[in-house]
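These notes concern the structure reproduced below.
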Amino acid sequence: MTTLLVTWKEPGQIGIDAAWKARQGGADLITTIEKGLAACELDPSLLAIGLGSLPNADGELELDASIMDGRDMNCGAVCSVRGIVPVISVARKVMEETPHVMLAGDQARRFAISKGFRPQNLMTAECIAEYDKWVRGEAEKYYIHTAQESHDTVTMLGLETGPDGKPHLIAASSTSGLAWKLPGRVGDSPIVGAGIFADDEIGAAGATGLGEELWKAVASYRAVRNMEAGMSAQEACQETIDHMVRRQAHAADLPCVVMALRKDGDFGAATTKGEFPYWICRDGNIEYREQPAKG
Ligand code: SD4
């Protein structure tokens, strides 16, 4: 049995279709998830991820990504990478081909080039036009796509249960971060524990939304620990969100979302604000869901 959970309506659909296609083609779980996220990064029509997404305050795209393997808690991440896609694949290479967890900025780019990635201009005419609007003061100060029909960071969780009944989990995330961010700003997505966490003995969790707040909460780690303490995936996410709203002054300024997948397949999601759209795929059976904020 394979279960995949993925954030947001639009990147989610592209991500889950690509992931399931890879799975059907025989991909192992980590490659399934990598392919799902890479498809989102490489699609120039998604304004918030990878190629053709919204840049920082200097008009430059700085991408973040992370991946974690619940089998041995191994993980890899990159942050503030310019001119390379898909960065999720670079993060996987950091995990598998270096003794490190994270590479940053130009050095991460250099590493990627040394591994055969080709540097390219990631700005499209559409994102340049959006940037110009922001420079003229015609766009929101910070920008997260929140409308259901829109698109955002892509975070994906995967669970496979082999014939021996042993669960295996992967968590991964990829983003260009908040639009118009200060150059060098890094959010939760590439931070293991904040943006993602996976442990085969418990489950996996992933976050999306206002990265500063999710990071302060170490949201993904908290949700996994909650499941370890016996909570359902839904309770684990809701407790994390409730704690954020109670303790963090800005947790509901913009949506902050946590989703979780327990090793037995139980899943859930919670948000500080609005409605969180996501997809679940169980052995190719793909369903769209919307999780409203607690009333
Ligand atoms: C960040 N968490 O960089 C990301 C952005 C995001 O929905 O997830 N937006 O803060």
Side-chain angles (χ1 to χ4, degrees), residues 6-15 37-65 78-88 104-106 108-109 118-155 173-190 195 207-215 249-257 271-278 290 293:
V6 61
T7 56
W8 305 110
K9 187 167 188 180
E10 200 183 56
Q13 185 162 25
I14 289 169
L37 269 54
C40 297
E41 286 191 48
L42 294 169
D43 188 327
S45 74
L46 296 178
L47 258 186
I49 303 158
L51 183 64
S53 54
L54 298 177
N56 66 18
D58 283 349
E60 289 185 314
L61 271 164
E62 292 183 337
L63 308 183
D64 304 328
V78 290
C79 66
S80 303
V81 182
R82 288 184 285 183
I84 300 280
V85 277
V87 281
I88 189 61
D106 286 348
R109 172 187 160 97
R118 202 169 53 84
Q120 58 179 296
N121 176 16
L122 302 179
M123 294 285 283
T124 58
E126 194 187 356
C127 58
I128 292 169
E130 292 289 327
Y131 177 69
D132 288 345
K133 259 197 236 165
W134 177 73
V135 170
R136 291 196 302 267
E138 295 165 14
E140 286 176 61
K141 186 169 167 238
Y142 284 114
Y143 197 56
I144 293 186
H145 291 282
T146 54
Q148 286 166 19
E149 68 279 7
S150 196
H151 22 72
D152 217 289
T153 295
V154 63
T155 300
S173 186
S174 179
T175 189
S176 52
L178 294 185
W180 335 131
K181 63 192 176 184
L182 284 178
R185 176 268 185 189
V186 176
D188 61 309
S189 311
T208 182
L210 183 51
E212 281 72 8
E213 298 305 314
L214 292 157
W215 192 344
H250 299 289
D253 288 1
L254 287 169
C256 290
V257 176
T271 178
T272 58
K273 190 177 180 169
E275 241 173 35
F276 168 59
Y278 67 105
E290 285 166 9

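The structure displayed is predicted, hence computed values, not measured ones.
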Gap between atom [atom2] of [Y] and atom [atom1] of [X] - 0.5 Å precision:
{"X": "Ile84", "Y": "Leu51", "atom1": "CD1", "atom2": "CG", "answer": "12.0 Å"}
{"X": "Glu126", "Y": "Ser53", "atom1": "CD", "atom2": "OG", "answer": "11.0 Å"}
{"X": "Leu214", "Y": "Asp188", "atom1": "CG", "atom2": "CG", "answer": "4.5 Å"}
{"X": "Asn121", "Y": "Ile128", "atom1": "CG", "atom2": "CD1", "answer": "6.5 Å"}
{"X": "Glu130", "Y": "Met123", "atom1": "CD", "atom2": "CE", "answer": "10.5 Å"}
{"X": "Asp253", "Y": "Lys273", "atom1": "CG", "atom2": "NZ", "answer": "7.0 Å"}

Mind listing the closest non-hydrogen atom pair of [X] and [Y] along with its distance?
{"X": "Ser176", "Y": "Leu61", "answer": "CB-CD2, 3.9 Å"}
{"X": "Trp8", "Y": "Thr153", "answer": "CD1-O, 2.9 Å"}
{"X": "Ala65", "Y": "Pro190", "answer": "O-CB, 3.6 Å"}
{"X": "Pro183", "Y": "Ala57", "answer": "CD-CB, 4.2 Å"}
{"X": "Tyr131", "Y": "Pro55", "answer": "CD1-CG, 3.8 Å"}
{"X": "Gly50", "Y": "Val85", "answer": "CA-CG1, 3.9 Å"}

Practice prompt. Determine, stepwise, if the pair Leu254 / Glu213 fulfils side chain to side chain contact (heavy atoms under 4.5 Å, CB included).
Written response: CA-CA 9 Å; Leu254 287 169; Glu213 298 305 314; over 6 Å; no

Discussion item. Under the rule for side-chain hydrogen bond (donor to acceptor under 3.5 Å, both in side chains), what residues qualify as partners of Thr155, not counting sequence neighbours?
Written reply: Ser173

Fill in: Partner residues of Tyr278 under the ring-ring contact (aromatic ring centres under 6.0 Å, His included) criterion, sequence neighbours left out
Phe276

Item to complete: Show the numbers, then the answer: is there a side chain to side chain contact (heavy atoms under 4.5 Å, CB included) between Leu122 and Leu63?
Response: CA-CA 10 Å; Leu122 302 179; Leu63 308 183; 3.7 Å; yes

Worksheet item: In this structure, are over 12 heavy atoms from other groups packed under 6.0 Å from Arg136 atom CZ?
Response: yes

Worksheet entry | Audit row: Thr7, Val257, side chain to side chain contact (heavy atoms under 4.5 Å, CB included) steps and yes/no | CA-CA 9 Å; Thr7 56; Val257 176; 5.7 Å; no

Worksheet entry | Basic-acidic side-chain contact under 4.0 Å: Glu212, Arg185 | yes

Worksheet entry | salt bridge (Lys or Arg N to Asp or Glu O under 4.0 Å): pairs with one or both residues in residues 44-60, sequence neighbours excluded | Glu60-Arg82

Worksheet item: Any side-chain heavy atom of Leu178 sitting closer than 4.5 Å to one from Leu210?
Response: yes

Worksheet entry | Leu54 side chain near Trp180 side chain, heavy-atom distance below 4.5 Å | yes

Discussion item. For Glu62, is there any backbone N or O sitting under 3.5 Å from a side-chain donor or acceptor partner on Lys181?
Written reply: yes

Item to complete: Go through Asp64 and Val186 one step at a time and tell me if the side chain to side chain contact (heavy atoms under 4.5 Å, CB included) criterion holds.
Response: CA-CA 7 Å; Asp64 304 328; Val186 176; 4.3 Å; yes

Fill in: Short side-chain donor-acceptor distance under 3.5 Å, Thr175 and Ser189
no

